[in-house]
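Chain letters run A, B, ... following the sequence lines, proteins first, then strands; residues in each count from 1.
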2 protein chains.
Amino acid sequence: MGSPLPRDPIADAQRNWERHGWGEVAAPMAAITAIMRTQQILLARIEGVLKPFGLTFARYELLALLSFARSGALPMNKASALLQVHPTSVTNAVDRLEKAALVLRSPHPTDGRTTLIELTAEGRTLAKRATAALNSEVFGQSGFGDEDVEHLIRVLGDFRKAAGDFTDG
Amino acid sequence: MGSPLPRDPIADAQRNWERHGWGEVAAPMAAITAIMRTQQILLARIEGVLKPFGLTFARYELLALLSFARSGALPMNKASALLQVHPTSVTNAVDRLEKAALVLRSPHPTDGRTTLIELTAEGRTLAKRATAALNSEVFGQSGFGDEDVEHLIRVLGDFRKAAGDFTDG
DNA sequence: TCCAAACCCTTGGATGTCCTAGTATATTGC
DNA sequence: GCAATATACTAGGACATCCAAGGGTTTGGA
């Protein structure tokens, strides 16, 4: 999108906050802004690796989730809850995955309101290949040190829990 | 979007990765997924605070950036570089801010290719009010401890630098 | 001087996310 | 048993992001 800037724009923003008398919240502002930007960078990397597979991150996440379900199938509402996205986002992803013959919709055996998403053989294979690519090209080269990874998992885990994502642990 | 899950879905994913023989990259995968989810939570909080002002995060960022420029004006390409988003995203944001009379476009005095974005008085006032709201309702209550904030700034700063965001310090 | 290459912004298209409604099916309570 | 409430999915709309392409302006080398 552009070449490197001569200065860190987030560090500059933090200084601006301090200069305007908002020093109390300048550091958290910088940390939060850094999280936003880091997510953007990571998402771009992930999408770049998935593109050759005809997948986006949203579709990959759903495929991966299904591949870990013993039966290879999940109700849409369950997928929505586990992926922590709006139900309409799941509908959207399933529409496209279904067109690509990677998943299929089937009626729930006992609840007429519910639709099950099932992985096709093709979908299972692609999920495996895409995961291997992500493991070697993104997760295996995150650039984060082992200690930092542990720290991130702990700090962000506490944050997510406090935000109401889950109740255990 | 939903009530808390009984278990942390990211911790479950990490266990799944380990169970499938990808233990080497399970932790970075969990850290990266946690960053994605944390960004989602933070963005929702921010958008919630900005909604009463008729702003989105993208528009707020542009407004805030302009408010720190001494002249209150910046070329579009400069804004794109500093916000680290695609030029078309800036075009989009400016279109909407201009309709709301918060900024206006003016020609660059010496370079006919360039368009300057200028903050209006109304835009400057709104930026100030929105910043105050974010400071008190989001940044001031991030939920991150002081030490964790410092750690995040450092770790994510190193990451962004390694990713080519900037070259200084 | 002058034309090609570089640069700047906008338009149009594809995706993803969320929200608000609307339809269909289950559950609950009287 | 039936009406009221709750739940599940989908349709349509608003926004944001990126990419690909197009038109105008500058710059630089022949």
Undergrad: What's the CD1-C1' distance between B:I41 and C:dT17, to the nearest Å?
TA: 15 Å
Undergrad: Between A:L55 (CG) and C:dA14 (P), how many Å, whole number?
TA: 19 Å
Undergrad: Hey, does A:E47 reach any base, or is it just sugar-phosphate, or nothing, if we go heavy atoms under 4.0 Å?
TA: nothing
Undergrad: Select from A:T110 and B:R37 the residue whose nearest nucleotide in DNA chain C is closer to the 5' end of that strand.
TA: B:R37
Undergrad: Rounded to the nearest angstrom, tell me the gap between atom NE2 in B:H86 and atom C1' in C:dC8.
TA: 12 Å
Undergrad: Return the value, rounded to whole Å, for the distance between atom CZ of B:F57 and atom P of C:dT17.
TA: 19 Å
Undergrad: When all nucleic acid strands are considered with a 4.0 Å heavy-atom cut-off, which category describes A:T56: base, sugar-phosphate, or nothing?
TA: sugar-phosphate
Undergrad: I'd like to know if B:D8 pairs up with A:K161 as an ion pair, taking the criterion as any Lys NZ or Arg NE/NH1/NH2 lying under 4.0 Å from an Asp or Glu carboxylate oxygen.
TA: no
Undergrad: Respond yes when some side-chain nitrogen or oxygen of A:R59 is under 4.0 Å from OP1 or OP2 of C:dG16, and no when none is.
TA: yes
Undergrad: Could you state the CG-P distance from A:L50 to C:dG16, rounded to the nearest angstrom?
TA: 11 Å
Undergrad: Output the single nucleotide from C:dT17, C:dC8, C:dT15 whose closest atom is nearest the side chain of A:N92.
TA: C:dT17
Undergrad: State which of C:dT10, C:dA24, C:dT15 makes the closest approach to the side chain of B:M76.
TA: C:dT10
Undergrad: Examine C:dT11: is either OP1 or OP2 under 4.0 Å from a nitrogen or oxygen in the side chain of B:T91? Give yes or no.
TA: no
Undergrad: Would you mind reporting whether B:D148 and A:H151 have side-chain heavy atoms less than 4.5 Å apart?
TA: yes
Undergrad: From the options C:dT17, C:dT11, C:dA26, select the nucleotide whose nearest atom is closest to the side chain of B:D95.
TA: C:dT11
Undergrad: To the side chain of B:T115, which of C:dT20, C:dG16, C:dC9 is closest?
TA: C:dC9
Undergrad: Rounded to whole angstrom units, what separation is found between the CD1 atom of A:I46 and the P atom of C:dG16?
TA: 14 Å
Undergrad: Does anyone know the first and last nucleotide of DNA chain D in reach of chain B, 5' to 3', at under 4.0 angstrom to a heavy atom?
TA: D:dC15 to D:dT26
Undergrad: Take atom CZ of A:R96 and atom C1' of C:dT15, then tell me their distance rounded to the nearest Å.
TA: 6 Å
Undergrad: Rounded to whole Å, please give me the gap between CG in B:L43 and C1' in C:dT17.
TA: 9 Å
